Amino acid sequence: MLLGDWMKTEEKWIKRWQEAKIFEAKPDNREKFFGNFPYPYVNSYLHLGHFYSSMRLEALSRYKRMNGFNVLYAQGWHCTGSPIVSAAKRIEEKEPKQWGILKMQGFSDEQIEKFADPEAWIDYFPKEAKKDFTDMGYSIDFRRSFITTSLNPSYDKFIRWQFAKLKEKNFVLKGHFPVVWDPKDNTPVGDHDRIEGEGETPQEYVLVKHRFAEKWIVSATLRPDTIMGVTNLYVNPESDLCEATVDGEAWIISEKTAFELSFQDKKVQIKQKIKGSELIGKKVKEFSGLEVPILPASFVNTNVGTGIVHSVPSDSADDLIALYDLQKDEATCKKYGLEMKEVLAIKPIAVLKIPGYNEIPAEDIIKKLGIKSQNDKDKLKEAKEMLYKDGFYKGTLNELYKKKFKKDYSGKKVEDEKESIKEEIIASEFGDRYFQLTGKVVARSLSECIIKIVDDQWFMAYGDKEWKKLAHECLDNMKLYPEKTRSQFNYVLDWLRNWACTREFGLGTRLPWDEKWLIESLSDSTIYMAYYTISHKLQKIDAELLDDNFFDYVFLGKGDLKKLKVDKKLAQEMREEFDYWYPMDFRTTGKDLIQNHMSFCIFNHTAIFPKEKWPKSFGLNGHVMVDGDKMSKSKGNFVTMRDAYRDYGADAARFTALSGGESIDDANFEREMAKNMPAKLEAMLAFAKQHHNKGRIEKLNIDRWMDSKINEIIVEVTKDYEETLFRSALQLAYFDLQNALKWYMRRCVNSPNKETITRFIEVQTLLLAPITPFICEEIWEALGKKEFIALARWPQAGEITKTNEEFVKSTLEDINSVIRLVNIKPQKVTLFIADDWKYELYSILKPMLEETRDFKAVIGKTMQNEKIKKHGQDAMKIIEKAMKSGVNIYDKEAESLALNESVDFLKNELGCEIEIIKAEESKEAKARNALPGKVAILVK
RNA sequence: GCGGAUGUGCCGGAGUGGUCAAACGGGAUAGGCUUAGGACCUAUUGGCUUAGUGCUUGCGCAGGUUCGAACCCUGUCAUCCGCACCA
């Protein structure tokens, strides 16, 4: 069949499913299954990544439906956030890059122009995504679909309710927050809005103030733990500094720092410019109480920190080497009027004890790495990293930290106390906070970004200890697919800090009590799965009538139904429907969302719903590769869902996606397989038509083998579906069953048993139905079944019997290999079956060897048996071999029987006479030394 | 740097203490079928081999535990994911 014709068949089934409304979920008295897949952000077509993740839910949903569950699978569309708005803006500006992105997706210039309006995206892409899911045969209840943001007033009301609840419980807090900021446009700058500096983040420095008469000279550090070791300050004589009034104090800092501090909750006024050289030789009073000089150093850069460095030569190789350099440099000292004697008198002050280093760690590392001067930039960088790592993790604070602080830190580990020391310094008059970027960031406006402290930012209080406890309780009671993601979840729940949940621009819902702010996209998508349970009914209600009382009633069962503004009956139905479907049984997505979305989902559920409505299980999967490569537009292997549908049809695409991977590993979509799949699936249909309800009545051993094999596979496949291991399920249900079928047909010389082959066809069709529903419906219909296979009952496994088919199979392979070796066309093949005593020996050896591998003990026990004792030397050889490679117990009756019954088959396969001789009947057989489980073969 | 995951033939991947490491899929090679190609069928696909249903190696690397390790432990290297206001 041509692909085009096949796709018409697929369309036929979609239409039938729709007409029968089999995916429209209604509460009833069956057990329910509610699974969902995060609503995709609708700024482009769906791709194979969406396809693979969502297929896992789709297949599970169909599986559950066949197991008698009432299944709800709904799908919404996410519009919240800034990407659509900023993309639309760039279309409006006719920016070539953005224009090109749409052009590549196949839009005409005329169409693209329309995308200047954000709503055009939201009108277009959800509709197309729905088409993709429909074409692919998803069992989604589309009546319940919706979009987010204020464009959907009902959803908007729902999110407002959610935040009102969170606020009530004090899980939304107002606070200060450092954001990457464009000072020219006065906007925050996300990672995607940068020309340079993606991934750079705010970094918190400690400002250390050094008393300088009535003023302060201010340095910045990331190592407040070494503050007791300051021996001097370094200033670059060439640098441009300034004196500024900062919150009423006179500070000497770089102009850049003065500018930046004005964005960080400080009132800053620049008084006058100062050249670095003006400060050299002056003295300052330290936090530690010491008085130290200001020295010149060329390595000090005004772009980093405050442009002034305090020197801790004991634990900074940079500082120490600069000191060495200066101590050798009389000319410079003289130039700045420094007393050589005083410079030479400066010695590092030990502050940390680090195992593996002597008193002055920086000295060690300079020697060890052979650093010669300030110009050994690479080695100095390495030294810095090593000292930081070892100092932080292994170091302890020395006795200098005994009295200076409120607490006695002497002897304590740096790792444990660094944070407390930092806070104490900041709280003192010698310290303050300062944020700088980890690297240069340039915004689209071309201006260089800085860090701004936003002071009316709203946060989700994920740092709250009580909330964390609830989240852990929820996680502890969840099933995770796969289980090995649990440690990552546990880590993330602990690691999450307060999350800024509001933004200044984009699409979304306004914060109910502070309408200046929009709720950010990761925060409005945490409990919306509850919305699916009622969204189709909400469409009948004027959103104006929805208030917090309404949602309280429906989702929490609180309040008086009679007082609601909406239709009472409808409200009651919604309450019942929510109560029926919730909690969600399964939510699945890519592993990259563990760190935010999935964890947020846990937090928010515990905040709003009672325990019995908390999520039951999460599924996580790897990313999708195409033909072994990461999918990317530049490599030309970017495949959208509709590409896959067009090229392979739904069944083949579905099959290929799920057979590409499972668990947390990346999945590989092999296009070659997808291409070949339609023909293979059709072959199944042809086979079914040919053999269903036809065949031999008599039941042979080989039929029993096949029956058993079918049962075995039902059991295994069912287990795999339950664990969302769809690749393994496909492996068994398609490939392994096909191979079994191949052998069966060959073994029964193309004359299958009617009952067996019919059962085979039906079982395989049922097992594959969740993954390739179209071909399975087609087969099911051809078999004369009246109902949809989508609603058929999952097959039940019968008895699994042990047979010796594997023995027959390996015997045939052995015979063939002997024939190949001797390279003749055989007239007669003689098979010698092992002696009786050998079976006996094996049956004694097996349990024996599990106990002990002591050769003497084994010999001792086996030789007690009279039959074996008679064959002493031979037995020894067998035991020796068995000890080396292990043994199995062979059922001699079944084995000889199997061979006797397969003489016809072997004759047919080999085209020659077959003779079977038991060893005790023939000297030659004994000489050939057949062992249990292996026959000796003679070809003539 | 932090946290997590992974590392098995030419490739994708099974196998998590013992009967056979490499199921299954793909690729390659040979043969069959075919006007040809594709599809399909059969066989081969670590090394050695005096060719024997033979021997032996091998599961990132190095150690260890064990009668026995791809699997457990320790160390180490490499790759991938995430690290925040971004969907």
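Since this is a predicted model, take the numbers as computed values, not measurements. Just so we're on the same page: letters track the sequence lines, and every chain starts at 1.
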Candidate list A:D524, A:I147, A:V42, A:I84, test side chain to side chain contact (heavy atoms under 4.5 Å, CB included), partner A:H78, passing option: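 Of A:D524, A:I147, A:V42, A:I84, side chain to side chain contact (heavy atoms under 4.5 Å, CB included) with A:H78 is met by A:D524 alone.
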We want to know whether [X] and [Y] form a side-chain donor-acceptor pair, criterion being a heavy-atom distance below 3.5 angstrom.
X      : Y      : answer
A:N604 : A:Y462 : yes
A:D494 : A:H472 : yes
A:E204 : A:Q436 : no

Pairwise [atom1] distance for [N] and [M], with rounding to whole Å:
N     : M     : atom1 : result
B:C24 : B:U76 : P     : 39 Å
B:G38 : B:G26 : P     : 16 Å
B:C67 : B:A23 : P     : 32 Å
B:U19 : B:G4  : C1'   : 37 Å
B:A22 : B:C55 : P     : 16 Å
B:A62 : B:C71 : P     : 13 Å
B:U8  : B:C59 : C1'   : 4 Å
B:A70 : B:G7  : C1'   : 11 Å

Starting at [atom1] of [X] and ending at [atom2] of [N], how long is that distance when rounded to a whole Å?
X      : N     : atom1 : atom2 : answer
A:N43  : B:A87 : CG    : C1'   : 8 Å
A:E672 : B:C24 : CD    : C1'   : 17 Å
A:R727 : B:G26 : CZ    : P     : 14 Å
A:E682 : B:A39 : CD    : C1'   : 12 Å
A:N668 : B:G13 : CG    : C1'   : 10 Å
A:M460 : B:C86 : CE    : P     : 17 Å
A:D720 : B:C24 : CG    : P     : 17 Å
A:K709 : B:A23 : NZ    : P     : 14 Å

Counting side-chain heavy atoms from C-beta on, which of [options] comes nearest to [X]?
X      : options             : answer
A:K680 : B:A84, B:A5, B:C40  : B:C40
A:S82  : B:C24, B:C86, B:C2  : B:C86
A:E520 : B:A43, B:A5, B:C86  : B:C86
A:K484 : B:G3, B:U6, B:A87   : B:U6
A:R503 : B:C81, B:C86, B:A14 : B:C86
A:S521 : B:A43, B:C81, B:A87 : B:A87
A:P83  : B:C80, B:A87, B:G82 : B:A87

Pairing nucleotide - [N], Watson-Crick or G-U, each distance under 3.5 Å:
N     : answer
B:A51 : none
B:U44 : B:A28
B:C20 : none
B:U6  : B:A78
B:G1  : B:C83

Under 4.0 Å between a side-chain N or O of [X] and OP1 or OP2 of [N]?
X      : N     : value
A:K630 : B:C81 : yes
A:S659 : B:G25 : no
A:S525 : B:A87 : no
A:S487 : B:G4  : no
A:N490 : B:G4  : no

Ring geometry between A:F618 and A:F489 (parallel below 30°, tilted from 30 to 60°, perpendicular above 60°): tilted
Ring geometry between A:W495 and A:Y491 (parallel below 30°, tilted from 30 to 60°, perpendicular above 60°):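 A:Y491 and A:W495: parallel rings.
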Intermediate values then yes/no, ring pair (Phe, Tyr, Trp, His ring centres under 6.0 Å), A:F603 and A:W467: CA-CA 7 Å; A:F603 268 100; A:W467 203 2; 5.2 Å; yes
With a 4.0 Å cut-off on heavy atoms, is [X] in touch with a base, just the backbone sugar-phosphate, or nothing at all?
X      : value
A:H597 : nothing
A:L732 : nothing
A:R497 : base
A:N596 : base
A:K675 : nothing
A:T80  : sugar-phosphate

Where the chi angle of B:G15 falls, syn if within 90° of 0 and anti if not: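 Nucleotide B:G15 adopts anti.
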5'-most by nearest nucleotide on RNA chain B - A:W495 or A:K742: A:K742
Side-chain donor/acceptor of A:S599 to backbone N/O of A:L493, under 3.5 Å: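 Here the side-chain-to-backbone pair does not exist.
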A:W499 ring center near A:F600 ring center (under 6.0 Å):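 Yes, the ring centres sit under 6.0 Å apart.
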